[in-house]
Amino acid sequence: MSSLLSSTILRKVAMALSGIFLMVFLLQHFVINITSVFSATIFNQFSHFMGTNALVQFALQPVLIGGVIFHFVMGFVLDIQNRKARGTRYAVYKGSANAPWVSRNMLISGATILAFLGLHFYDFWVPEINYKYIEVLPEDPNRYHEELVHKFEDLTRVVIYVISFFFLSLHLSHGFASSFQSMGVNNKYTPTFKSLGKLYAIGIPLGFAFIAIFHFLNH
Amino acid sequence: MPIPSGLINLIMKLTLKIWRQENATAKGSMQTYSLDGVSPDMSFLEMMDVLNEQLMEQGIEPVAFDHDCREGICGSCSMFINGEAHGPDRLVTTCQLHMRKFKDGDTIHIEPFRAKPFPVIKDLVVDRTAFDRIQHAGGFISVNTSGNTQDANAIPIEKADADKAFDAATCIGCGACVATCKNASAMLFVSAKVSQYALLPQGQVEATDRVLNMVKQMDEEGFGNCTNTGACEVECPKGISLENIARMNREFLSANVKG
């Protein structure tokens, strides 16, 4: 860990790896959630499996939470280090002349996503943990779809979710291609990675926003 | 000599806001100067020369700034002009920047390259010996000059690799990448030096030690972390590509695996 924190390249590789891990998780999360639009039964089956499978609950879930915490803590640590490396600030700094806003403000988009995760955990993860491990209520494989739809009956929540997905899109639009560059991948396939990154950065958040709006309109 | 009438219309009056700092330990501040009679054909450094003539006539200490070849080769000039390293033009150093890029009545902010590892010595002059120390850590190849050394031209090198190595070697070490990066990262400079040798057979013998030692020195100097904004590539007067940073990352990871 100490060598990880002392090397600029290892730090960025660690950020890239945790980012790629979170992007894979996000894709899986989206695939499950989109089924809620087409079939309550399939969504319930997926959710019940994810919510009761021991491997998912006690191995993958802690790894995921660890990945999320690492990515955010490292992001803040890197930002503090980078501010220190500048020292005296410029009186005039024209960042927009040479780099897009999203790449210069990953901390803003990241902090917005972190705030959203607080709400998201409060909405879904906390009640789930409470249901299963605190109140220890009887298993009900058909409750998940109803709980999901119930959350999106509230317009304020839907608006907050959609705004958060917009910031997620901004974060991913730089993060996807950037993670490959950090891993040392910059070759003839880079334009393809960048196109895939744009597709992912727009498609996944747009899909999540669609799910929220769909359930709000159809509850 | 009278100024031709056609030229009079082009002559500019400028307001210059320049960072003044007496020495490395003094507290600096932005000072405002008015300068008349600036020709669009002047280079930026010639404009600074005219300002200094004016300041000396007024009994004011002239503005200290780095310069040497004044033809974009030495990497000495290092001003941060209107929020950009080497000013608003692309693929040029400050000495190659011309006043035609500005217009009459403009206010121009001129600051030194800012980074913790580039401390200000005086006014616009900064200490960039951190780059020298990085270079000393591994930016070379060790070749015996006993008389039995193989002629470099006799070693076949793929054209694509030779071109990329040459592109990397055009880095003049001016520090614009550090100055412009929002994180004050030196990755573009170090990666250009690493790539220059990593792409050539002569550089393979010391490749592992080179990348490890140069990155270690870069980190010890206190440069920031690269976040792939790409600003360095845009502002680099020699157009050094981000591809070099990816190559350095690969070299570094591979060197760590080899131990």
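No experiment lies behind these values; they were computed from the predicted model shown. In what follows, every chain begins at residue 1, and chains take the letters A, B, ... in the order their sequences are listed.
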| message | Assess, by modelled atom type and distance only, whether the side chains of Thr8(A) and Asp219(B) contain a donor and an acceptor separated by less than 3.5 Å. | response | yes

| Short question: side chain of Asn249(B), backbone of Ser182(A) - any donor-acceptor pair under 3.5 Å? | yes

| task | Without swapping roles, check the side chain of His174(A) against the backbone of Thr227(B) for a donor-acceptor pair under 3.5 Å. | result | yes

| field | Test item: Arg114(B) side-chain N/O and Tyr90(A) main-chain N/O as donor-acceptor pair under 3.5 Å | value | no

| request: Check for a donor-acceptor pair, side chain of Glu84(B) on one end and backbone N or O of Ala97(A) on the other, with a separation under 3.5 Å. | output: no

| Residue selection (most heavy-atom pairs with chain B, distance under 4.5 Å) from Ala99(A), Pro100(A), Ala177(A), Gly87(A) | Ala99(A)

| message | side-chain contact (heavy atoms from CB on, under 4.5 Å), that's the test. Do Asn183(B) and Asp79(A) meet it? Break it down for me. | response | CA-CA 8 Å; Asn183(B) 310 322; Asp79(A) 192 70; 5.7 Å; no

| query | Hey, does the side chain of Tyr93(A) reach the backbone of Thr180(B) with a donor-acceptor pair shorter than 3.5 angstrom? | reply | yes

| message | Do Glu243(B) and Asn186(A) pair up side chain to side chain, a donor and an acceptor below 3.5 Å, judged on atom types alone? | response | no

| field | For chain A, the option from Ser241(B), Gly222(B), Cys181(B) that forms the most heavy-atom pairs under 4.5 Å | value | Cys181(B)

| Any idea which of Met15(A), Arg83(A), Arg104(A) has the most non-hydrogen atom pairs under 4.5 angstrom with chain B? | Arg104(A)

| query | Between Gln181(A) (side chain) and Asn228(B) (backbone), is there a donor-acceptor pair under 3.5 Å? | reply | no

| query | Side chain, backbone, both or neither: which part of Met183(A) has a heavy atom under 4.5 Å from chain B? | reply | backbone

